[in-house]
Student: 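Please read through the structure below; I'll follow up with questions.
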Amino acid sequence: MTRKLIVGNWKMNGNLAANQDLLHAVSAGLAGAACQVAVCVPAPYLAQAHQAATHGLLTGAQDVSAHEQGAFTGEVSAAMLRDFGVRFAIVGHSERRQYHGETDADVATKAQRALAAGITPIVCVGETLAEREAGQTQAVVKRQLAAVIHTNGHCISEIVVAYEPVWAIGTGKTATPEQAQEVHALLRAQLAAATAHPERIALLYGGSMNAANAASLLAQNDIDGGLIGGASLKAADFLTIVAAASH
Ligand code: PEP
């Protein structure tokens with residue numbers, strides 16, 4: 001990876017007026033940024049984000065249906081996302097695994113649907129606190145990524161992976177740069193065994209990344225960018241992270 005990738009995950013936050021301000025402020029702050037930047041917004045705001053994002057700001061969805069089309073009330077297909085210029089779709093975020101029962105197989109199929117529509121899936125993996133304390137971190141993230149590799153075969157070099165320790169999401173507890181690097185190195189090795197082009201795959205860190213800790217995390221060898229929740233809702237904080245990724 002040469003250019004880093006910074007992705008905001010707005011989660012279920014925002015409204016038309018506030019989004020407009022945030023999209024304008026973030027876009028305007030991107031002049032001179034030397035990294036790729038995207039915001040993953042709630043589905044009803046994808047059209048707004050597509051129109052208001054300028055200066056190279058890319059847009060993404062926070063989920064995608066595992067189905068192609070049909071009688072799946074409430075679901076949004078990859079092709080529909082594509083209609084709104086979506087470049088990325090987060091799949092397997094821990095909040096979806098936890099609150100919506102998404103399995104490794106569901107996540108792998110969602111990644112496949114996104115890829116088929118020309119959308120880059122941002123595949124989230126990460127262990128819970130109990131799993132970390134039981135010494136299962138490596139086994140858990142490897143199992144989660146293996147499912148996506150198994151289903152997506154030679155397309156695997158087209159994905160983005162986000163390591164998001166569940167205990168660090170929205171808690172203010174960040175993995176230390178060393179803890180994050182250790183898992184990223186493991187994921188990189190797993191991807192290298194699956195594709196001839198592992199260097200094409202951006203490995204993002206996510207979990208309470210903020211304006212103060214971004215530089216030290218992004219300085220690690222195998223951390224190619226960040227997936228940012230809370231800090232992506234404040235333009236100044238998000239742009240400080242973008243600046244840290246632009247060095
Ligand atoms: C996330 O939701 O993907 C995330 C990393 O959230 P936060 O930055 O708020 O921990």
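Atoms within a ligand are numbered from 1 in the order they appear, just like the ligands themselves. These numbers were taken from a predicted model, which means no experiment stands behind them.
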Student: Scan side-chain atoms only and decide if Thr103 and Asp106 contain a donor-acceptor pair under the 3.5 Å cut-off.
Tutor: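 Judged by distance alone, the side chains do pair up.
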Student: Quick one about Asp222 and Gln181 (side-chain donor to acceptor, distance below 3.5 Å, no hydrogens or angles considered), yes or no?
Tutor: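 Checked: Gln181/Asp222 side chains pair up, N/O donor to acceptor below 3.5 Å.
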Student: Which of parallel (below 30°), tilted (30 to 60°) and perpendicular (above 60°) describes Phe72 and His67?
Tutor: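 Phe72 vs His67 ring planes: parallel.
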Student: Show me, by chain and number, every protein residue that has a heavy-atom distance under 4.0 Å to ligand 1.
Tutor: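 Contacts of ligand 1 under 4.0 Å: Asn9, Lys11, His93, Glu164, Ala168, Ile169, Gly170, Gly206, Gly207, Ser208, Leu227, Ile228, Gly229, Gly230.
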Student: Could you tell me whether the side chains of Glu131 and Thr128 share a donor-acceptor contact shorter than 3.5 Å?
Tutor: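 The criterion, which ignores hydrogens and geometry beyond distance, is satisfied for Thr128 and Glu131.
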Student: Side chains of Glu127 and Gln136: do they bring a donor and an acceptor to under 3.5 Å?
Tutor: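 Gln136 and Glu127 do not have a side-chain donor-acceptor pair below 3.5 Å.
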Student: For Gln48 and Asn19, test the side chains for any donor-to-acceptor distance below 3.5 angstrom and give the result as yes or no.
Tutor: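 Note: Gln48 and Asn19 side chains meet the donor-acceptor criterion.
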